Amino acid sequence: TYTKTDDGEPIWIKTAAEREEKKDKAIKSFIDEIASSIPKVPAKKKPKDKPSQDLCPVCVIGDAHIGMSVSAEITKERSFNSAIASQEIKDAVSSLVESAPRSKQGILINVGDFIHMDRTAPFAQTTKGTPVDTDGSLDYILRVACQTMIYAIDRFLDKVDKLEVVTARGNHDSSLA
């Protein structure tokens, strides 16, 4: 059936349903794969030093854009892709955690756009449909994003007893956040 969306955009109902089904399958596949690949880790030994009750280290990740693909030729400076985004986040989190005091509580905040895209059909797009260049399939990008966040959480837990993780939706990843 040919109709219009709430925004007045023409759309084929069958196409929209197929797109959602494909996205749902990719997300389920991603969750199943990540869940099965997370190794069982023995509980960490508690450090001997007493955690601070008065301090709460906070790590804020903003606009990581995992999945973005751009070459140095375009930027006139450097290339950027999922691997670079992930490594930069890991390096930053490690540096921040190293300098953080041992504390009872910590907060890890993703302020949005952790992932560069939200849709894959008929091409990679932001939440509102803006076309974007990506460096892989939705499954690949979700896997890198999840592994990066797991790393950040695990690393932060080296210094805090309890970690609150906050994730905000961005204009690039409103559905996937």
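For the single chain, residues carry numbers from 1 onward in sequence order. Being a predicted model, the structure only gives us computed values, none of them experimental.
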Inset, instruction - Answer whether the closest heavy-atom distance between the side chains of Thr126 and Asp118 falls below 4.5 Å. - result: no
Inset, instruction - Of all the heavy-atom pairs spanning Leu96 and Ser99, show the shortest one and how long it is. - result: O-OG, 3.1 Å
Inset, instruction - Report yes if the side chains of His172 and Val132 come closer than 4.5 Å at any heavy-atom pair, otherwise no. - result: yes
Inset, instruction - Return the minimal non-hydrogen interatomic distance between Ser86 and Thr148, and the atom names on each side. - result: OG-OG1, 2.7 Å
Inset, instruction - Kindly indicate, with the supporting measurements, whether the criterion side chain to side chain donor-acceptor pair (under 3.5 Å) is fulfilled by Tyr151 and Ser94. - result: CA-CA 9 Å; Tyr151 175 89; Ser94 289; 2.6 Å; yes
Legend entry - Separation between CD1 of Ile89 and CD of Gln147, rounded to the nearest 0.5 Å: 12.5 Å
Legend entry - ILVMFWY network linking Met149 to Met68, side-chain heavy atoms under 4.5 angstrom: no
Inset, instruction - Would you mind reporting whether Val166 and Leu108 have side-chain heavy atoms less than 4.5 Å apart? - result: no
Inset, instruction - For Lys159 and Ala100, indicate whether the former's side chain and the latter's backbone hold a donor-acceptor pair under 3.5 Å. - result: yes
Legend entry - Side chain to side chain, Ile61 and Phe114, heavy atoms closer than 4.5 Å: yes
Legend entry - Within-4.5 Å side-chain heavy-atom neighbours: Met117 and Ile141: yes
Inset, instruction - Check the pair Ile109, Val58 against side-chain contact (heavy atoms from CB on, under 4.5 Å), reporting the backbone distance first and the verdict last. - result: CA-CA 8 Å; Ile109 304 170; Val58 177; 3.9 Å; yes
Inset, instruction - For residues Phe80 and Ala64, report the shortest heavy-atom separation together with the two atoms involved. - result: CZ-O, 3.6 Å
Legend entry - Worked verdict on Cys146 versus Ile150 for side-chain contact (heavy atoms from CB on, under 4.5 Å): CA-CA 6 Å; Cys146 187; Ile150 289 170; 3.7 Å; yes
Legend entry - Minimum heavy-atom distance Val144-Ser82, with the two atoms named: CG1-O, 3.9 Å
Inset, instruction - Please confirm whether the backbone N or O of Leu55 pairs with a side-chain atom of Ser52, one donor and one acceptor, at under 3.5 Å? - result: yes
Inset, instruction - Compare all side-chain heavy atoms of Cys59 with those of Val97 and state whether any distance is below 4.5 angstrom. - result: no
Legend entry - Audit row: Asp133, Val70, side-chain contact (heavy atoms from CB on, under 4.5 Å) steps and yes/no: CA-CA 7 Å; Asp133 290 331; Val70 66; over 6 Å; no
Legend entry - Test side-chain contact (heavy atoms from CB on, under 4.5 Å) applied to Arg155 and Glu98, step by step: CA-CA 9 Å; Arg155 189 72 180 89; Glu98 286 297 320; 2.3 Å; yes
Legend entry - Heavy-atom side-chain proximity of Leu163 to Val165 below 4.5 angstrom: yes
Inset, instruction - Take Asp139 and Arg143 through the salt bridge (Lys or Arg N to Asp or Glu O under 4.0 Å) test and state the conclusion after the steps. - result: CA-CA 6 Å; Asp139 185 61; Arg143 190 176 316 112; 2.3 Å; yes
Inset, instruction - Please name the pair of heavy atoms, one in Ala83 and one in Tyr140, separated by the smallest distance, quoted to 0.1 Å. - result: N-OH, 4.5 Å
Inset, instruction - Using a strict 4.0 Å threshold on nitrogen-to-oxygen distance, state whether Arg78 and Glu88 make a salt bridge. - result: yes
Inset, instruction - Decide yes or no on salt bridge (Lys or Arg N to Asp or Glu O under 4.0 Å) for Asp173 and Arg169, but give the supporting numbers first. - result: CA-CA 6 Å; Asp173 64 355; Arg169 295 172 185 239; over 6 Å; no
Inset, instruction - Indicate yes or no: at least one non-hydrogen side-chain atom of Pro57 is less than 4.5 angstrom from one of Val160. - result: yes
Legend entry - NZ on Lys162 to OG on Ser103, rounded to 0.5 Å: 13.5 Å
Legend entry - Shared hydrophobic cluster for Phe156 and Ile107 (ILVMFWY, side-chain gaps under 4.5 Å): no
Legend entry - For Ala145 against Ile66, the heavy-atom pair lying closest together: CA-CD1, 3.7 Å
